[in-house]
K.L.:
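For reference, the structure I am asking about is given below.
Residue numbers start from 1 in every chain, and the chains themselves are labelled A, B, ... in the order their sequence lines are given, proteins ahead of strands.
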Protein chains: 2
Amino acid sequence: MKKYIEVYEKIRNMIISGEIKSGDKIPSIRRASEYFGVSITTVQNAYFELCADGYLIAVDKSGYYASDIMNKAEDIAEPENTGKPIKYDLTGTADESSFDFTLWQRYIKSALRQTQRMGTYSEPEGEYDLRSAISDYIKQKRNIIASPQRIIIGAGVGALMQVLASLLKERHTVSFPDGSFEQGIGIFSDYGYKVHTRFKDAEIIYVSPSHMTKWGDVMPIKRRLELIEYSKKNDSLVIEDDYESEFLYNSKPTPSLYTLGKNNIVYIGSFSAMLLPGIRISFMILNDELLTIYNSKRKLYSQTASKTEQIALGAYIRDGHLAYRTRKIRRLYTAKTRQLAEYLSKEIKGAETDIGENALQIILSCEFHGSPEVFEKNGIRLYIKEIKNNRITLVISPTGVEQKELYNCALTIKKSIGQ
Amino acid sequence: MKKYIEVYEKIRNMIISGEIKSGDKIPSIRRASEYFGVSITTVQNAYFELCADGYLIAVDKSGYYASDIMNKAEDIAEPENTGKPIKYDLTGTADESSFDFTLWQRYIKSALRQTQRMGTYSEPEGEYDLRSAISDYIKQKRNIIASPQRIIIGAGVGALMQVLASLLKERHTVSFPDGSFEQGIGIFSDYGYKVHTRFKDAEIIYVSPSHMTKWGDVMPIKRRLELIEYSKKNDSLVIEDDYESEFLYNSKPTPSLYTLGKNNIVYIGSFSAMLLPGIRISFMILNDELLTIYNSKRKLYSQTASKTEQIALGAYIRDGHLAYRTRKIRRLYTAKTRQLAEYLSKEIKGAETDIGENALQIILSCEFHGSPEVFEKNGIRLYIKEIKNNRITLVISPTGVEQKELYNCALTIKKSIGQ
């Protein structure tokens with residue numbers, strides 16, 4: 001074990017056990033280095049981590065104090081995260097500072113005022129007003145015609161895949177583009193389906209045309225048309241997860257498969273990326289065949305998405321806030337992506353940067369001699385697409401980083417690359 | 001396209017576009033059939049669908065009218081409900097007038113203030129602070145010792161059963177007490193389990209000891225001990241859905257199966273009945289075997305319960321509001337149940353009323369010559385347990401009815417019974 005982690009754990013355990021109490025002053029770095037018999041740098045690193053994890057508080061010109069983290073279990077992060085704090089998560093989380101919490105709160109408050117609705121159990125399909133708002137919204141934004149009756153709400157794509165796996169029992173084979181959507185694959189295997197990768201003769205084909213891989217590749221219109229043609233001929237069902245289609249702003253937005261070939265497509269859309277990851281509401285559009293099955297067994301399903309949030313989101317969409325927010329974060333994310341790409345090109349010798357079609361992401365390619373763990377160690381989380389012939393290709397999504405932090409983020413990446 | 005769908009869409013579009021306005025009389029079926037040049041049946045089908053979807057309202061002996069669906073998109077109830085308004089729902093919904101919405105709103109608001117947490121995806125198990133609050137709460141209230149690490153949150157019992165069905169794959173047979181828990185049965189069948197009723201040699205046994213049937217029977221302690229003994233000998237797993245155990249206030253609360261024989265029990269608890277049906281948060285406690293499986297595939301699950309509501313509920317429980325509310329609604333529901341039982345005994349000739357062990361419910365038995373539909377027609381929804389030899393047994397739960405309405409409710413039941 002690294003020395004500084006040893007020191008980190010000793011102090012953390014003293015705080016957890018109550019040996020050090022909230023507000024207690026912690027020995028200075030020099031005194032602690034003598035006491036533990038380690039270098040100043042080791043103690044500095046340990047204290048830095050303890051502050052980052054909320055156990056210590058650094059007070060300017062005074063020293064370090066134990067925080068009140070143990071008194072308010074409410075604020076403890078998931079235990080998994082306490083070890084290594086991630087300073088820059090570049091795998092695509094949303095920028096929460098751009099979200100208007102006060103506005104959202106107003107909608108939540110108004111939803112909670114509908115006391116009678118809150119006092120009854122939900123219909124399995126989800127709240128009618130949200131489904132109706134979605135119906136109008138996707139007509140405008142994605143040119144998709146679907147009545148609210150066809151729209152089923154769920155708490156995330158996983159919850160909808162559960163319903164689908166149970167509706168599609170007549171079919172037995174399912175194909176995913178690759179192994180990255182572990183949850184979807186897990187659900188279909190659990191239900192007894194044979195799961196394949198890129199198997200075009202499967203009876204169910206899951207695709208995510210606007211975000212085909214985690215590197216953000218987009219399915220070209222030609223392949224979309226081929227897929228629809230082929231699935232029609234084969235009578236296979238296509239699940240179109242229209243994940244992040246709102247971010248395709250480099251190119252003209254590609255028509256959804258659903259618009260191109262309605263009958264054998266189940267369309268899935270999500271709001272987490274447009275609102276906040278903490279708000280998990282997704283929807284799907286069923287075709288006639290599946291809608292009939294759904295209606296015949298609808299009593300077997302129950303709605304997972306929060307009623308309050310559904311009512312709030314319905315009104316939020318109706319009042320035009322979703323459309324407004326989409327435009328706003330598009331601008332914001334474009335600006336960030338361009339800015340970071342610029343910094344990276346300037347800072348990193350021999351760097352080639354490329355902004356993907358799905359403009360949330362930068363593809364960075366440069367010389368590299370280290371090991372991939374160095375990124376995690378420096379508090380950077382990103383996708384490593386490839387390391388070959390001493391060159392590394394990284395996929396970087398700066399969406400969740402604050403704008404003023406972008407330059408530091410570039411420097412940390414530079415450091416990780418070993419320049 | 002089917003002919004009647006064409007007619008359906010034409011009329012719907014006229015309503016949406018405002019060509020037909022709310023309250024307008026729609027041509028009779030015969031006139032419309034002439035106008036559109038289609039058969040009477042086609043128009044009948046189209047009108048039927050338009051009524052079902054809430055666009056038209058059929059008025060007895062007068063004809064069809066455009067509804068006000070377009071004027072109050074926010075207030076539309078589920079389309080299923082627009083036809084027959086239920087005046088008294090006596091099947092066990094909660095009394096929303098007793099719920100302190102302002103207080104709950106304060107907790108929701110404070111949860112939304114934790115902007116950083118809202119900006120990240122959830123851990124599949126659910127929010128740590130809620131799991132920790134539940135761990136303390138069930139220790140106090142149900143004498144159950146379970147660390148937060150064992151506790152998994154889900155949006156309702158259904159969502160948890162999905163996870164269980166996927167964790168228990170080593171087992172193949174499951175037993176339910178009867179057919180009433182359709183959702184649970186549906187999930188396990190969909191996953192390929194063999195589902196039985198009251199089959200004590202099943203590898204998985206689902207029971208709801210505090211609410212064994214929808215009539216609210218409670219499992220006596222002797223049978224609980226036998227079940228545990230038997231399941232241990234057989235190495236079967238018992239799913240204990242501790243549904244409404246908080247309402248067992250007539251008798252001393254029976255210890256949970258989990259307290260009696262921990263190792264082969266999965267305990268499930270829910271908050272919907274204690275808070276509001278509109279807030280769907282349930283939890284389960286996994287044993288060592290299942291926890292190990294869960295942890296090995298945790299990436300395949302995603303949390304369904306709302307993050308905001310989880311954070312709010314964690315703090316709400318910590319601050320003692322759940323315990324307080326439980327006592328409060330216990331008093332309220334006891335008072336209502338007693339009062340309605342009294343009215344019924346007085347109003348209905350030859351009535352025998354009995355307040356069940358699960359004191360949410362009244363069992364009413366009296367003479368009856370009509371058909372069961374008469375209750376629905378009079379705007380009453382309740383459980384009909386039995387009709388035999390011109391006697392009917394009803395299960396009535398007055399929890400959702402306002403206190404000042406109880407007498408009218410008794411009169412409506414009296415009328416339905418034909419007195």
Side-chain angles (χ1 to χ4, degrees), chain A residues 73-80 93-97 99 101 104-105 108-109 112-113 115-123 128-129 132-133 149 155-156 158-159 162 165-166 169 182-183 186-187 190-192 276-280 297 299-302 304-309 314-315 318 400, chain B residues 53 73-74 76-80 93-97 99 101 104-105 108-109 112-113 115-123 128-129 132 155-156 158-159 162 165-166 169 182-183 186-187 190-192 272 276-280 297 299-309 314-315 318 400:
Chain A
E74 265 88 10
D75 300 325
I76 297 177
E78 305 304 319
E80 288 76 12
T93 45
D95 182 341
E96 83 261 13
S97 71
F99 187 72
F101 278 93
W104 180 245
Q105 219 167 70
I108 290 282
K109 208 166 152 179
L112 284 174
R113 243 182 261 122
T115 54
Q116 239 193 325
R117 276 174 85 174
M118 293 304 296
T120 53
Y121 284 97
S122 306
E123 298 299 321
Y128 188 81
D129 40 1
S132 154
Q149 280 73 23
Q162 297 267 17
S166 115
K169 290 247 124 180
E182 293 172 74
Q183 214 202 337
I187 290 167
D190 274 345
Y191 270 91
L276 278 185
I279 301 169
R280 291 183 66 75
K297 43 193 287 194
K299 273 166 76 185
L300 305 186
Y301 301 110
S302 62
T304 45
S306 152
K307 196 174 206 170
T308 313
E309 284 170 8
R318 281 245 176 267
Chain B
D53 290 354
E74 255 89 56
I76 296 174
E78 303 306 320
E80 290 75 12
T93 46
D95 182 342
E96 83 261 11
S97 71
F99 186 72
F101 278 93
W104 179 246
Q105 218 167 70
I108 291 282
K109 209 167 154 180
L112 285 173
R113 245 183 260 124
T115 54
Q116 240 196 323
R117 276 175 84 175
M118 292 306 295
T120 53
Y121 283 98
S122 306
E123 298 298 321
Y128 188 79
D129 41 1
S132 154
Q162 297 267 17
S166 115
K169 289 245 124 181
E182 292 173 76
Q183 213 202 340
I187 290 167
D190 274 347
Y191 270 91
S272 303
L276 279 184
I279 301 170
R280 290 183 67 76
K297 40 193 290 195
K299 274 164 75 185
L300 305 185
Y301 302 110
S302 64
Q303 182 47 240
T304 44
S306 153
K307 198 175 205 169
T308 313
E309 283 170 8
R318 281 243 176 270

K.L.:
Looking at chain B, which one of A:Glu309, A:Arg113, A:Glu96, A:Gln116 has the largest number of heavy-atom pairs inside 4.5 Å, strictly under?
P.N.:
A:Glu96

K.L.:
Do A:Gln105 and B:Thr308 come close enough that some side-chain heavy atom pair is under 4.5 Å?
P.N.:
no

K.L.:
Quick check for you: among B:Gly156, B:Ala94, B:Ser302, which has the greatest number of heavy-atom pairs under 4.5 Å with chain A?
P.N.:
B:Ser302

K.L.:
Which heavy atom in B:Gly278 sits nearest to a heavy atom in A:Lys307, and how many Å separate them?
P.N.:
O-CB, 3.5 Å

K.L.:
Name the region of A:Lys109, side chain, backbone, both or neither, that has any atom closer than 4.5 Å to a heavy atom of chain B.
P.N.:
both

K.L.:
Do you know the tightest heavy-atom contact between B:Leu300 and A:Glu182?
P.N.:
CD2-O, 3.2 Å

K.L.:
Indicate the atoms forming the closest heavy-atom contact of B:Pro277 with A:Gly119, along with that distance.
P.N.:
CG-O, 3.3 Å

K.L.:
For a 4.5 angstrom cut-off between non-hydrogen side-chain atoms, does B:Arg117 reach A:Leu276?
P.N.:
no

K.L.:
Enter the distance from B:Arg280:CZ to A:Thr304:OG1 here, rounded to the nearest 0.5 Å.
P.N.:
9.0 Å

K.L.:
With a 4.5 angstrom heavy-atom cut-off, which part of A:Ile108 approaches chain B: side chain, backbone, both or neither?
P.N.:
side chain

K.L.:
Mind listing the closest non-hydrogen atom pair of A:Lys299 and B:Gln183 along with its distance?
P.N.:
O-CG, 4.2 Å

K.L.:
Side chain, backbone, both or neither: which part of A:Tyr121 has a heavy atom under 4.5 Å from chain B?
P.N.:
both

K.L.:
What pair of heavy atoms forms the shortest contact from A:Met118 to B:Ile279, and how long is it?
P.N.:
CE-CG1, 4.1 Å

K.L.:
Could you report the tightest heavy-atom contact between B:Phe101 and A:Leu112, atom names first, then the distance?
P.N.:
CD2-O, 3.3 Å

K.L.:
With rounding to the nearest 0.5 Å, note down the distance linking CZ in A:Phe99 to OG1 in B:Thr115.
P.N.:
11.0 Å

